[in-house]
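Positions are given from 1 along the sequence. Remember, it's 1-based here, ligands and their atoms both numbered in the order they're listed.
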Amino acid sequence: MRVIMKFGGRAVATGEKIKTVAHLIKRFKEEGVGEKGKEKEEKNEIVVVTSAISTVTDTLLDNANRVAKEGNTEKAKEFVDELFKMHELTASEAIDDKNELEKVKEELRERLAEMEKALIGICLLGELTPRSLDYIGSFGERLAAPILAGSFQSAGMEAVHLTGGEAGLITNEDYGNAQLTLNAEREIKARIMPLLENKIPVVTGFIGETKKGTITTFGRGGSDYTATIIGTAIDADEIWLWKETEGIMSADPKIIKNARKIPYISYIEAMELSYFGASVLHPRAIEPVMKKEIPIRVKNVFNPEDEGTLIGKEAEQTKKAAKAITLIENISIINIAGTGVRSISDVAARVFSVLAANNVDIIMISQGSSEMALSLVIDSAQLERAVEAIQSINAGGTVIRDFTFNSNVCAMGVVGAGMAGTPGVAGKAFSALGKEGISMIMISQGSSEFNISFVVKKEDAYRAAQAIHDVFEMGTGA
Ligand code: ASP
Ligand code: MG
């Protein structure tokens, strides 16, 4: 069996945890496939994809921003030292073999020397471009991969670590959200397949490289995407995403007490969930596997025997119309009323293009048919940028009559393939909210009918989520 195994940041957060990963891989590698009782013929082939050690990516990006602002080269050096010490400690816990450990430490030192140069450059220029942000952000994975490979070696396996670029993930120059080039799949196959015969490739998640050799990233949480891309390129039998959670849940268990693990979910449903705030999967991770129908499993590193969640092609036949609910908390709603001088499509065209030009991502859109008004939901972190952008198209006041925004709101997405073509789903959801005395500020339904999303006041959000979760019995099986 050929399997991609991706480990999230929290699964590799300490040296001990990395050792757990090494044991898990070793066991799986040696299990092989073959019928019970007969000699095992075929060994499992494994590609490992790793995230940065938990919180490292955030720290890198924060510090890049800070040094660009403050221009203090001493502070930049201090930060690099801290990062070295932290990874050195992790490595010494994860790697018993002394020679292997020394080799890995040397690699960490070399990589960090590169990063220090770049950070000092950023300090002196006082400027942080998307390109340098990707470069600095890539070091989390580039420090983690040698440690994992070293730990595997130390546990008696043959392992080799590769950056995304070395593994063939060649991208365009769309920094922060890089797209693979058309040849990438072929390239990945050519570079990974020969290694599988006798080695375990350990590939950095999250990062790619342009043809010219500049580092790019796939956006936060992008290691899932790396795993599914590699899996697709080398025709893996399965892709296992190891996390520190049970699997994909019916709701966030921190908010909904009786949230349960969903044993099976279709590609489309998982995609809807990841686009709508469920942080279990990178939004682009499902897309690559759909054509080849490669199953994905979301599994818990600390309970490896558990089946986790299986993601596959077919939508399950169940009586349950809606399977899961997600909540996006830090959002703002923007209401724009046109002046009536221009058509609503003209107003919408102007608004959307100026928002796109300013990199504002729109989470939801709705427009009432009788009104010259448009409502949009965006991430609150982008609100200031969005407001300025919208104001900029209203010189002379001929486009927009009235324009308000509200950040005291939450968006919710209800997802389930059973919703398509089932009458009364929206009614059921809305009357559940009505019973709780919660009113909806905005509603939108995708044409796939696999999701309904709506906005409520922040103070109502958790109660609303619980009411929906209850009315669709999301907390129980079948
Ligand atoms: N390390 C990256 C992040 O924190 C990518 C990932 O974890 O998947 O976003
Ligand atoms: Mg992560």
Side-chain angles (χ1 to χ4, degrees), residues 4-14 17-18 21 47-65 83 86-87 90 108 111-112 115 130-149 161-165 167 169 171 174-180 202-209 215-231 239-245 247-248 270-271 273-275 277-289 296-301 311 328 330 361 379 381:
I4 314 296
M5 300 236 186
K6 178 256 166 174
F7 294 88
R10 292 201 295 158
V12 297
T14 63
K17 290 186 179 181
I18 293 173
V21 167
V47 177
V48 170
V49 172
T50 185
S51 287
I53 290 175
S54 168
T55 73
V56 169
T57 312
D58 282 324
T59 317
L60 287 166
L61 301 178
D62 289 349
N63 275 278
N65 278 300
L83 210 58
M86 186 263 213
H87 283 86
T90 309
L108 297 179
R111 291 216 154 150
L112 281 170
M115 190 180 90
R131 172 175 164 163
S132 28
L133 206 54
D134 268 8
Y135 181 70
I136 299 294
S138 74
F139 279 92
E141 274 71 9
R142 292 209 279 156
L143 296 170
I147 302 179
L148 262 76
H161 63 84
L162 296 90
T163 63
L169 286 94
T171 74
D174 216 344
Y175 296 104
N177 187 28
Q179 312 291 322
L180 289 164
V202 179
V203 184
T204 59
F206 180 51
I207 66 180
E209 202 173 297
I215 287 197
T216 54
T217 74
F218 302 118
R220 298 306 306 273
S223 300
D224 291 339
Y225 182 63
T226 303
T228 57
I229 283 292
I230 296 178
I239 296 160
W240 294 11
L241 306 177
W242 289 96
K243 314 229 167 193
E244 233 185 25
T245 52
I248 296 183
M271 216 151 141
L273 282 176
S274 59
Y275 272 110
S279 55
V280 280
L281 276 184
H282 185 266
R284 278 155 68 196
I286 298 287
E287 207 259 343
V289 306
I296 300 178
R297 286 179 200 278
V298 180
K299 284 177 69 83
N300 184 351
V301 243
I311 313 175
I328 316 189
N330 293 314
D361 304 310
D379 190 323

**Q.** Option nearest atom 3 (C) of ligand 1 (shortest heavy-atom distance, choices E141, R220, K6)
**A.** R220
Q) R111 side chain to R142 main-chain N or O, any donor-acceptor pair under 3.5 Å? A) yes
Q. Hey, which atoms in ligand 1 end up nearer than 4.0 Å to a heavy atom of G221?
A. 3 (C), 5 (C), 6 (C), 8 (O), 9 (O)
Q: Answer with yes or no whether G205 contacts ligand 1, where contact means a heavy atom under 4.0 Å from a ligand atom.
A: no
(Q) Below 3.5 Å, N or O to N or O, backbone or side chain included: is there any such pair between G219 and ligand 1? (A) no
Q. Under a 4.5 Å cut-off applied to non-hydrogen side-chain atoms, are I296 and L241 in contact?
A. yes
Q | Atoms in ligand 1 flagged as close to S51, the criterion being non-hydrogen separation under 4.0 Å | A | 6 (C), 7 (O), 8 (O)
(Q) Any heavy-atom pair between the side chains of T216 and D174 that's under 4.5 Å? (A) no
(Q) Quick check: do L112 and H87 have side-chain heavy atoms less than 4.5 Å from each other? (A) no
Q.
Evaluate S223 for polar contact with ligand 1, using N/O atom pairs at a separation under 3.5 Å.
A. yes
Q.
Consider side-chain hydrogen bond (donor to acceptor under 3.5 Å, both in side chains). Of D224, T226, T228, T50, which one does K6 pass it with?
A. D224
Q. Any idea how F7 and W242 line up, ring-wise: parallel (<30°), tilted (30 to 60°), or perpendicular (>60°)?
A. parallel
Q) Is there a heavy atom in G9 that sits closer than 4.0 Å to ligand 1? A) no
